[in-house]
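Structure, as structure tokens:
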Protein chains: 2
Amino acid sequence: MNIGDAAAASGVSAKMIRHYESIGLISPPRRTESNYRVYSTEDVHVLRFIKRARTLGFSIEKTGMLLGLWQDRSRASADVKELALSHISELEERICELQDMVSTLKHLAHCCSGDGRPDCPILNDLAAPTALPAPPRAGWKKIGTRHH
Amino acid sequence: MNIGDAAAASGVSAKMIRHYESIGLISPPRRTESNYRVYSTEDVHVLRFIKRARTLGFSIEKTGMLLGLWQDRSRASADVKELALSHISELEERICELQDMVSTLKHLAHCCSGDGRPDCPILNDLAAPTALPAPPRAGWKKIGTRHH
DNA sequence: CCTAAACTTTCCCATTATGGGAAGGTCAAT
DNA sequence: ATTGACCTTCCCATAATGGGAAAGTTTAGG
């Protein structure tokens with residue numbers, strides 16, 4: 001099967017198949033005499049595995065680890081589970097960050113009349129002098145006082 | 001004030017201040033005779049505004065729009081609100097996607113014994129032949145049958 | 001006054017994952 | 001033989017950020 005067929009059969013674009021090969025996620029397939037890549041149904045299984053892992057949000061690096069575990073018949077399921085759990089944690093952290101943004105924005109939007117008048121609590125919030133963790137370094141010089 | 005001070009006062013790194021200038025998000029500040037960028041406290045306000053917008057997850061492009069509205073005294077708060085609401089929608093969509101991943105993964109991890117045995121529902125799921133929307137193109141040729 | 005440290009400048013490169021597109025070779029069907 | 005659909009490699013682009021080099025500037029200490 002050529003790369004286009006493997007792409008259609010796996011859901012991974014031809015472009016990405018070549019990319020995965022170039023970064024070593026999958027091994028280079030054999031080639032026809034005319035240099036076309038040739039894939040087996042086994043290769044397609046691997047590509048689907050990758051596709052599914054990516055769909056679940058695993059980075060390519062972690063996908064590679066999962067692939068390694070998958071192909072290691074003597075793996076411990078504990079290793080896989082650990083990978084999955086740490087990934088869940090990362091996802092949940094990102095969710096929290098996004099939820100924080102949403103709740104702040106919802107509050108601001110709720111307070112905004114949303115009519116033709118210019119006054120806007122959303123802009124006011126964005127423009128509010130936020131207390132920074134580290135205050136400016138020792139008194140800045142006034143601008144325009146330096147001459148060389 | 002030099003760029004380092006503006007960075008400390010705004011929470012935006014010097015690197016990013018230059019970057020924002022290069023993409024036109026902020027206007028080029030005047031320079032000293034020795035070519036150092038000079039910032040006013042007004043510039044710092046702008047940078048803080050950007051920082052806050054970025055913290056709330058607005059893309060740089062949308063941040064630029066917000067900045068434009070902020071500086072337009074005759075804006076309608078409805079425009080700002082619309083921007084905010086559409087941003088909220090995007091965030092919520094991303095949250096949903098992440099939550100889908102998490103719930104699938106939690107289910108799989110729950111089903112995984114996580115011990116020393118190799119059998120693992122997580123890997124089984126990843127390896128499961130997923131039904132693809134578009135099936136492979138008309139019957140692939142068997143491999144290795146082509147000779148030129 | 002000189003030197004060293006701290007700062008600034010520009011420029012290039014890396015990241016993550018994906019796609020677009022060009023230029024050229026190959027294959028299959030008309 | 002021509003045409004259209006493939007394939008190949010190579011370069012570039014995205015979004016936002018940072019790292020680091022090489023060179024110039026400023027400032028503080030001695």
Side-chain angles (χ1 to χ4, degrees), chain A residues 1-26 28-39 47 50-64 87 90-91 94 97 136-148, chain B residues 1-26 28-39 47 50-51 53-64 87 90 94 97 136-141 143 145-148:
Chain A
M1 159 181 16
N2 284 340
I3 198 169
D5 302 296
S10 66
V12 178
S13 72
K15 212 84 176 175
M16 289 313 295
I17 295 176
R18 293 191 197 97
H19 178 62
Y20 291 156
E21 179 189 331
S22 81
I23 61 174
L25 181 63
I26 59 181
R30 56 182 203 80
R31 305 277 188 130
T32 64
E33 285 96 349
S34 55
N35 207 29
Y36 280 24
R37 289 173 180 81
V38 175
Y39 297 92
L47 288 170
I50 292 171
K51 176 72 178 179
R52 177 87 178 123
R54 300 280 310 123
T55 297
L56 289 175
F58 286 98
S59 68
I60 288 192
E61 191 182 355
K62 280 194 177 171
T63 298
H87 180 48
E90 282 174 30
L91 291 175
R94 278 160 57 194
E97 289 169 6
R137 296 177 303 195
W140 349 294
K141 275 153 246 93
K142 269 220 187 69
I143 63 175
T145 58
R146 192 188 297 106
H147 306 280
H148 82 170
Chain B
M1 181 184 348
N2 284 341
I3 197 169
D5 302 297
S10 66
V12 179
S13 72
K15 212 82 176 180
M16 288 314 294
I17 295 176
R18 292 192 197 97
H19 178 62
Y20 291 157
E21 179 189 330
S22 81
I23 62 175
L25 181 63
I26 58 180
R30 58 183 199 78
R31 305 277 190 130
T32 64
E33 285 96 350
S34 55
N35 206 30
Y36 280 23
R37 289 171 179 82
V38 176
Y39 297 92
L47 290 170
I50 292 170
K51 176 72 179 180
R54 300 282 308 122
T55 297
L56 289 175
F58 286 98
S59 68
I60 288 191
E61 192 182 355
K62 280 194 177 171
T63 298
H87 180 49
E90 282 175 31
R94 279 160 57 195
E97 290 170 6
R137 295 176 305 194
W140 347 296
K141 277 151 244 95
I143 63 175
T145 57
R146 192 188 297 106
H147 305 280
H148 84 166

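All values below were derived from every heavy atom in this structure, side-chain atoms included, with hydrogens, water molecules and symmetry-related copies excluded. Within every chain, numbering begins at 1; the chains are lettered A, B, ... in the order of the sequence lines, protein sequences first and strands thereafter.
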Separation of D/dC7 P from A/Ile17 CD1 (nearest whole Å)
9 Å
Looking only at D/dT8, D/dT25, D/dG18, the nucleotide nearest the B/Met16 side chain is D/dG18
Nucleotide nearest B/Tyr36 when distance is taken to its side chain, options C/dG19, C/dT10, C/dT8
C/dT8
Nearest whole angstrom, please: distance from the C1' of C/dA17 to the CD1 of A/Ile26.
15 Å
What is the distance, rounded to the nearest whole Å, between atom CD of A/Glu33 and atom P of D/dC7?
17 Å
B/His87 and B/Gly57: which non-hydrogen atoms are nearest, and at how many Å?
CE1-O, 2.9 Å
Under 4.0 Å, heavy atoms only, any strand: does A/Arg18 hit a base, just the sugar-phosphate, or nothing?
base
Does D/dT17 have OP1 or OP2 under 4.0 Å away from a side-chain N or O of B/Tyr20?
yes
Looking only at side-chain atoms of A/Arg37, point me to the closest of C/dC7, C/dC27, D/dT9.
D/dT9
Measure from the side chain of B/Lys15, starting at C-beta and using heavy atoms only, and say which of C/dT9, C/dT18, C/dC11 lies closest.
C/dC11
Can you measure B/Ile23 atom CD1 to D/dA13 atom P for me and round it to whole angstrom units?
16 Å
How far apart are the closest heavy atoms of A/Ile26 and A/Leu47, and which atoms are they?
CD1-CD2, 4.2 Å
Whole angstroms only, please: what is the CZ-P distance between B/Phe58 and D/dA15?
17 Å
Is the closest side-chain heavy-atom distance between B/Ser10 and B/Lys51 below 4.5 Å?
no
Would you say A/Arg31 reaches D/dT9's phosphate, i.e. side-chain N/O to OP1/OP2 under 4.0 Å?
yes
Per A/Ser34 side chain, nearest of listed nucleotides C/dC27, C/dA17, C/dT9:
C/dC27
Without decimals, in angstroms, what is the distance between A/His19 NE2 and C/dT15 C1'?
12 Å
Does the side chain of B/Ile50 reach to within under 4.5 Å of the side chain of B/Arg54, using non-hydrogen atoms?
yes
Without decimals, in angstroms, what is the distance between B/Ile60 CD1 and D/dT14 C1'?
12 Å
With a 4.5 Å limit on heavy-atom distance, are the side chains of A/Ser13 and A/His19 in contact?
no
Between B/Leu47 (CG) and D/dT17 (P), how many Å, whole number?
12 Å
